[in-house]
Number of protein chains: 2
Amino acid sequence: MARKKNSSADVTGPRIRAAALRLFARHGYAAVSMRQIATDVGVQAGTLYLYTADKQSLLFDLMHKHMQDLLAELDALPQAHNPLDGLEQFTRFHIRFHRARSDAVFISYMELRNLEPENFERIEAMRRQYEAHLGSLLARGKAERVFDISDTKLAAFAVIAMLTGVNTWFRESGRLSLAAVEDIYWHMVRKAVGA
Amino acid sequence: MARKKNSSADVTGPRIRAAALRLFARHGYAAVSMRQIATDVGVQAGTLYLYTADKQSLLFDLMHKHMQDLLAELDALPQAHNPLDGLEQFTRFHIRFHRARSDAVFISYMELRNLEPENFERIEAMRRQYEAHLGSLLARGKAERVFDISDTKLAAFAVIAMLTGVNTWFRESGRLSLAAVEDIYWHMVRKAVGA
DNA sequence: GTCTATACTGCGATAGAC
DNA sequence: GTCTATCGCAGTATAGAC
């Protein structure tokens, strides 16, 4: 008989990470206890330690996977034919990606200070890599005189901060669709870099 | 004899708030214990409760004073003659004010979720007031056709997010002075709103 | 006004039964 | 693979001496 397989072993790990992600985002890493995570998943506290070395590893793994996904999806974008198309693609990608993973984004920005130094450095390096991608895009456009930018690094910071800010106010039920928001922000970004 | 007055009673309260501000900003509200704050000030833990009802009040008082100062200094700015001047004034004010109080800014953005609902609502109302000030400035410029903005609210969010972002990377010892950063950001803001 | 001492609760993590 | 039970410690807050 095809008795339903007890596959809890295969899914408990992901369920733990999903619960931790949501709880860390909602209440903050320091405010969430291992017991709360366990209760949310439906196991006892001790069981968590079969899937993670300790609480710190749980946080680091969530942030590391988020940054890996971000860089992988950025790399997977089709090659743009010119800096202006590339910037539009980046703008829309950033808004969509960050919106779809608001919990992970929130954690990755807010809980940096709760990472041990070595873990912090690894995450920061990945973030710098993301910023550098936009930076080189802007530099190329500046060299080709399609962008009017005085400082490439600052322009990259400004664009990223502006786009990430969408997550602080956007609601699915709000006045504007995400597609409409993308359009409006793209026009602001485009003008900001003088294109 | 003019023996030095033991004025500890007058300064202990402010010293507690200063220590809490720095520690909350550095490690997060949930991660900081009352014992740590007391140690930092140089008193015993019990003494803190002579100056604050509880830990939550300490956090709320810090955030509330920050927002009060922000709105008061915004109100104290000289009247601008036109929307463009007003926007430049706002841009430079926002960067300077936020830079000078990076700890309070950090707390006021990051620890909102640790406020009890009633306290949260009071702080949020003050933030909306600040955003509304910029919003009406942008709306005036749009009506006078000196700004090219498709959505006033989104433009206000975008400008504030962009400017607040300076705090995440600016260092006194860095490549650029704060005055230079102000100039660069003002040019980006100006272009972004189509002025 | 500050101290010492402590009540009470909850924490992260581990040991060993099943 | 998950449970129960527990260790050792730290948390907020309070009581009462000085």
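Since we're looking at a predicted model, the values are computed, not measured. Chain A is the first sequence line, chain B the second, and so forth, proteins listed ahead of strands; every chain is numbered from 1.
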- Item | Sole candidate of A:R17, A:R35, A:R22 that passes salt bridge (charged side-chain N to carboxylate O under 4.0 Å, His left out) when paired with A:D40 | A:R22
- Separation of B:L23 atom CG from D:dG11 atom C1', in whole Å? 16 Å
- Query: Any N or O donor-acceptor pair linking the side chain of A:R35 to the base of C:dG12 at under 3.5 Å?
  - Reply: yes
- Query: Nearest to the side chain of B:Q36, which nucleotide is it out of D:dT2, D:dG11, D:dC3?
  - Reply: D:dG11
- Separation of B:L48 atom CG from D:dG11 atom P, in whole Å? 13 Å
- Between CD1 of A:I16 and C1' of D:dT2 the distance, given in whole Å, is 11 Å
- Item | Salt-bridge criterion met for A:E124 and A:R127 (N-O under 4.0 Å) | yes
- Kindly point out which of C:dG1, C:dT14, D:dT12 is positioned nearest to the side chain of B:Y49? D:dT12
- Message: Could you tell me how far apart B:I37 (CD1) and D:dA13 (P) are, to the nearest whole angstrom?
- Response: 10 Å
- Message: Heavy atoms only, 4.0 Å cut-off, all strands: where does A:V41 land among base, sugar-phosphate and nothing?
- Response: nothing
- Look at the side chain of A:S33 and decide which nucleotide, out of D:dG1, C:dC3, C:dC11, has an atom nearest to it. C:dC11
- Rounded to the nearest Å, what distance is computed from the CG atom of residue B:L50 to the C1' atom of nucleotide D:dA17? 14 Å
- OP1 or OP2 of D:dT2 less than 4.0 angstrom from a side-chain nitrogen or oxygen of A:Y51, does that happen here? yes
- Within less than 4.0 Å of OP1 or OP2 of D:dT2, is there a side-chain N or O belonging to A:Q44? no
- Using atom types as modelled and distance alone, determine if a side-chain donor or acceptor of A:Q56 lies under 3.5 Å from a backbone N or O of A:E116. yes
- Which one, C:dT2, D:dT2, C:dC3, comes nearest to the side chain of B:T12? C:dT2
- Message: If you compare all heavy atoms of B:I123 against all heavy atoms of B:M67, which two are closest, and at what distance to 0.1 Å?
- Response: CG2-CG, 4.1 Å
- Consider the side chain of A:V43, meaning its heavy atoms from C-beta on, and name the nucleotide among D:dA13, C:dG1, D:dC3 that approaches it most closely. D:dC3
- Query: How do A:A45 and B:A31 order along DNA chain D: which one's closest nucleotide is nearer the 5' end?
  - Reply: A:A45
- Between P of D:dT12 and CE of B:M34, the distance in whole Å: 7 Å
- Task: Would you check if the distance from the ring center of B:F97 to the ring center of B:F90 is below 6.0 Å?
- Result: no
- d(CZ, B:R15; C1', C:dG1) in whole Å: 14 Å
- Task: Could you please name the option among C:dA13, D:dT12, C:dC3 that lies closest to any side-chain atom of A:K55?
- Result: C:dA13
- Whole-Å gap separating P (C:dC8) and CG (B:D54): 20 Å
